[in-house]
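Heads up, the thing below is written out as structure tokens.
All chains are named by letter (A, B, ...) in the order of the sequence lines, taking the proteins before the strands, and each is independently numbered beginning at 1. Fair warning: this is a prediction, and the values are worked out from it, not measured in the lab.
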There are 2 protein chains.
Amino acid sequence: MSKRLHCMLSRTRIPVPVPCLLHQRPQTVLGVWSYGSSREFKHDSNQQDRGSGHNRRYLTYAALVTGTTLASLCIYYYAGDRKKRALLAASPTSMVQTGQLKEGLPIYTLAEVAEHATKPDRIWVTYGHGVYDITEFVDQHPGGDKILMAAGGSLEPFWLLYAVHKNPTVLAMLEQWRIGNLKEEEVSHLLSNMEDPYSQEPRRHPALKPASVKPYNAEPPLELLTESFITPSDLFYVRNHLPVPEVDPDTYNLEIEGIGVKSISLSLHDLKTKFPKHTLTAAVQCAGNRRSEMSKVKSVKGLSWGPAAIGNATWSGVRLYDVLKAAGLEDDHPGVEHIQFEGLDTDAANVPYGASIPIEKAMDPKGDVILAYEMNGEPLPKDHGFPIRVIAPGVVGARSVKWLGRILVSEEESTSHWQRNDYKGFSPSVDWDTVDFTKSPAIQELPITSAICDPVQGDNVTLTPDGKMVVRGYAWSGAGQKIVRVDVTADRGETWHVAYFTGQDKTKPPHHWAWTLWKAEIPIPAGQKQVELWCKAVDSCYNTQPEKFDNIWNLRGVLNTAYHRVRVNIKT
Amino acid sequence: MSKRLHCMLSRTRIPVPVPCLLHQRPQTVLGVWSYGSSREFKHDSNQQDRGSGHNRRYLTYAALVTGTTLASLCIYYYAGDRKKRALLAASPTSMVQTGQLKEGLPIYTLAEVAEHATKPDRIWVTYGHGVYDITEFVDQHPGGDKILMAAGGSLEPFWLLYAVHKNPTVLAMLEQWRIGNLKEEEVSHLLSNMEDPYSQEPRRHPALKPASVKPYNAEPPLELLTESFITPSDLFYVRNHLPVPEVDPDTYNLEIEGIGVKSISLSLHDLKTKFPKHTLTAAVQCAGNRRSEMSKVKSVKGLSWGPAAIGNATWSGVRLYDVLKAAGLEDDHPGVEHIQFEGLDTDAANVPYGASIPIEKAMDPKGDVILAYEMNGEPLPKDHGFPIRVIAPGVVGARSVKWLGRILVSEEESTSHWQRNDYKGFSPSVDWDTVDFTKSPAIQELPITSAICDPVQGDNVTLTPDGKMVVRGYAWSGAGQKIVRVDVTADRGETWHVAYFTGQDKTKPPHHWAWTLWKAEIPIPAGQKQVELWCKAVDSCYNTQPEKFDNIWNLRGVLNTAYHRVRVNIKT
């Protein structure tokens, strides 16, 4: 990023965006963003502005980055780092008041701050009244060069996006590098122009329990999950990586481009009228579902999901296969390896959410990947991708990109943070000091899992008149595999009881996308006061779940598929 | 079966065949075999005689059965049965001399024995000099009506096929029901006409370690498995359910018939010249691989395989898809659900080995199911199905039918014992008293597994100069999933070491059929004298293995995919 460009930006009403403090390894740099106007940033490489027709509220945060994405929740990752632990030990967070005016320090203007945007000039950022020289952080820390995206500007826009950063740990760390105060008038001007990117989020069902509010991530109460085979849309878990974009369906356009296709643009009307409508029932699950259980073994980084970050809905839309065919893509076109999806949800640097799926999945005529415009028979709710989202059934939810804006036929995976540096599994002994994200494949199809939904942990349960405990739950396996058995035990595996299925689609593997709901009635010895229930499932490959989290622990807390264990009391 | 028919048969030189004592639940009865000549038995239903062109040595045992298959190894199953245990307690096996002439008992002719072929007439069978009334067995025992197949004839032909029956336990049980002696001349006539169906088995590599000799089942030494990515044909494990048939390649014909196809017959020349040749590398694994480990938790029924009942070979042949297309089968033809395969290997009742795969697998243009005529670049060895066998990659070996004689396009699964009453998984608490084979799906695609091949249990291992133990093994997952990681621990999971791959195909999931060979170098603390190594693998669905056998135990001892654990000593 040029110093000149920084200066230009510092003169606009748009604050220079500053990403978070990230310690991960560098991502591939696609190119350099060049400045047009606050609504017309363009990327030199394949990150083209999608232009009009899309309501891009978050373009008000000017893009000025040299990386492809803003790494979300990066401070979250940071908490396990040795260097940070040392830092924190040296500075009690309770005493730090980051960003407040500090008497006696030099005063700088935004223009001066902007002159410190490269290592030779030192790297400066601002937060509130504070000016910080974070050059040492950049040098010392693996992945510290991500902070170059922030060089010369304010952290606030990013912290508005990722509220989780505004915590004492992060603030204390930042204050370590305090060098001065920002000029008073500039502070107020900057903050007065700051807009909350979450100010227009949709209303949500009050029963949803948020794991984070900005961005919004929430799951329904576990007991509700087995109430119906189809999860009601307003109780379906929400996993947003960024603010929900406002999209005008009348001007919406889906762009398709890349290798082996002619670039085409399809309106919502085109999609609904020019392609056959295809409906399927599919479960969608977050890779971090049940993370809170894994974190009991050892801390992991990520939203603390319970077991309800999964839902089962009916999705209607057009087959991706049909759309790609319409764009001219032939089966087995040389060089085509991945289909990339970009959302209309963007970060403060205008980088969209992105993910990709392998061409084998995308172009399988029976793979059932659809571009959905309906959920449970209604237009997609805003939280679930209105007006168009991908449904890649059998695949981790992260690839079913919501608010779909662009499809890129490519020889490589999406370069997004979420494809390359997140949503991957690692060996239990890999930690944040040794992790190499290039060494593990991006999670696509998910392994088998199951959970007990009712009773929930700590419940006081009334047995049936014949002394049985009624247990309900779900089971699901990715890759279109079908659940063929669920075993439940109330005596730590001494005796296993086969559950019967209360909800299961008739589709066949490997095209079985929906979840299975089950119920078991477990005889409990008279007089027993407490029970620990375990469940495990078996799919049509006869794959089953690992017993414990210890040996599947991974630093990102994904793929939490160990036996689900629930302790309950018996009412006497 | 009519008494008249029995009497007819008892007048031929062919002894009436008698199957084994089976306690399983009844199989579907397809129809009644009718008598033509000793080489021309026909089945009323769809078990048609395949006529000339097939060498059917075992037709010398006349078919006279009312079930669809002879249940193989049935006494094997029997050993866990409560009733038998009670019986055995009452009769010390060491004192019993089954089938010997017993003075003072009535003498019967074969014709008289044959008159006792239905329950109202009592059920009689012969063995050596002995005549036995087994009516009580039939009445008392679930599945005992299978013995009706034996009504009125000799057990010997079956016990020649399944040598495992000739053991003291079984013989003692039989002697319980002794009622008389067979007329002396008929005993010698009967036995002199008995032919050993295994007299013409192929020569085998002396390194193969048999789990049973008749039928021949053997695996190579485990240490040899990781020597090469492609398992040499003569070291590839052999899993035969019946004697190896002699097939004349010049008169061989493959018949294709059933729903949605015109019946066609293809010679070996037709197969080799009329269809494109397709080559793939695929691992084939027995469902019972590693059964000996599961049986340590609790006894299971089946051959005691080590971890080498798996191999990886290059297979060439024609796509099943192409052959079915040539027979006129259309994609999604109504009613077509399964493709059944029949081998040319038959039991004493002339019932062929049989299995089926779902149509989704058979007709997947990328499913790579082939009718192979080459293994590792040479014509198939006799033990591996000469001249034609199925290779259904990613699927349990039992469906890759060897010595393929007939393909039946059907609305239902193969009715064979091996499809319906074997090769299925069950919950750990299901035993032989409660098992219902209709409740579990036939194993098709196999779950993820891995094993340590070198060192083997009990080895004295020399560490590398820098104190590391070198560990080698294989990993594989069914359904075309690729191995993405293998973890090895030498401290019971405290530390996991990621293995590197020494052999892996470049094909992509879900069309990745070959196994993966791996190697790990594990640092061992100085002074340690013993090590227990564990390995586990992760596939492209991020499915992984269960830790222990306890919770995946099943009565047939299949799907033995728990962590492989090997204890070795360290040379000092």
Side-chain angles (χ1 to χ4, degrees), chain A residues 287 337 358-361 364-366 394 396 424-430 439-441 443-448 477-482 484-487 489 493-498 508-511 534 536 538-548 550-553 558-559 561-563, chain B residues 287 337 358-361 364-366 394 396 424-430 439-441 443-448 477-482 484-487 489 493-498 508-511 534 536 538-548 550-553 558-559 561-563:
Chain A
E337 299 288 347
I359 189 69
E360 291 77 15
K361 175 72 179 174
D364 178 0
K366 293 186 176 175
V396 63
K424 295 187 172 191
F426 292 94
S427 186
S429 295
V430 170
K439 296 290 189 203
S440 276
I443 297 171
Q444 293 287 345
E445 283 153 329
L446 282 174
I448 184 167
S477 190
Q481 298 300 332
K482 186 173 180 170
V484 301
R485 201 178 79 237
V486 172
D487 294 330
T489 181
E494 280 299 302
T495 324
W496 288 97
H497 302 267
V498 178
K508 289 189 292 182
H511 309 294
W534 302 352
K536 66 177 167 102
V538 177
D539 72 11
S540 38
C541 281
Y542 277 101
N543 270 306
T544 188
Q545 300 173 235
E547 284 91 335
K548 296 180 300 174
D550 304 64
N551 294 315
I552 61 166
W553 185 94
V558 289
L559 309 158
T561 61
Y563 292 4
Chain B
E337 299 287 348
I359 190 68
E360 291 77 15
K361 175 73 178 172
D364 178 1
K366 294 186 175 174
V396 63
K424 295 187 172 189
F426 291 95
S427 185
S429 295
V430 171
K439 296 289 190 203
S440 277
I443 298 171
Q444 294 286 346
E445 285 155 328
L446 282 174
I448 184 167
S477 191
Q481 297 300 333
K482 187 173 181 170
V484 301
R485 200 177 79 237
V486 172
D487 294 330
T489 180
E494 280 299 304
T495 326
W496 288 97
H497 302 268
V498 178
K508 289 189 292 182
H511 309 294
W534 302 354
K536 66 177 166 103
V538 177
D539 72 11
S540 37
C541 281
Y542 277 100
N543 270 304
T544 188
Q545 300 172 236
E547 284 92 333
K548 297 182 300 174
D550 304 63
N551 294 317
I552 61 165
W553 185 93
V558 290
L559 309 159
T561 59
Y563 292 5

Fill in: Closest contact, heavy atoms only, B/P428 versus A/R485
CD-NH2, 4.3 Å
Discussion item. Using a 4.5 angstrom heavy-atom cutoff, name the option from A/V558, A/D487, A/V430, A/N551 with the most pairs to chain B.
Written reply: A/N551
Worksheet entry | Atom pair CH2 (A/W496) and CD1 (B/I552), whose distance is rounded to the nearest 0.5 Å | 11.5 Å
Practice prompt. Tell me, for A/F426 versus chain B, whether the close heavy atoms (under 4.5 Å) come from the side chain, the backbone, both or neither.
Written response: backbone
Worksheet item: Checking A/T561 against chain B: side chain, backbone, both or neither under 4.5 Å from a heavy atom?
Response: neither
Fill in: Donor-acceptor contact below 3.5 Å, side chain B/Y542 vs main chain A/G425
yes
Discussion item. Shorter than 4.5 Å, heavy atoms on both sides: which option in A/K361, A/H511, A/Q444, A/K536 has the most such pairs with chain B?
Written reply: A/K536
Practice prompt. Give, as side chain, backbone, both or neither, the part of A/E360 having an atom under 4.5 angstrom from any heavy atom of chain B.
Written response: side chain
Worksheet item: What option among B/S440, B/S427, B/P510, B/P441 has the most heavy-atom pairs under 4.5 Å with chain A?
Response: B/S427
Worksheet item: Taking all non-hydrogen atoms of both residues, which atom of B/Q481 and which atom of A/A479 are closest, and how far apart?
Response: NE2-CB, 4.3 Å
Practice prompt. Please name the pair of heavy atoms, one in A/N543 and one in B/I448, separated by the smallest distance, quoted to 0.1 Å.
Written response: OD1-N, 3.1 Å
Worksheet entry | B/P509 versus chain A, the contacting section by heavy-atom distance below 4.5 Å | backbone
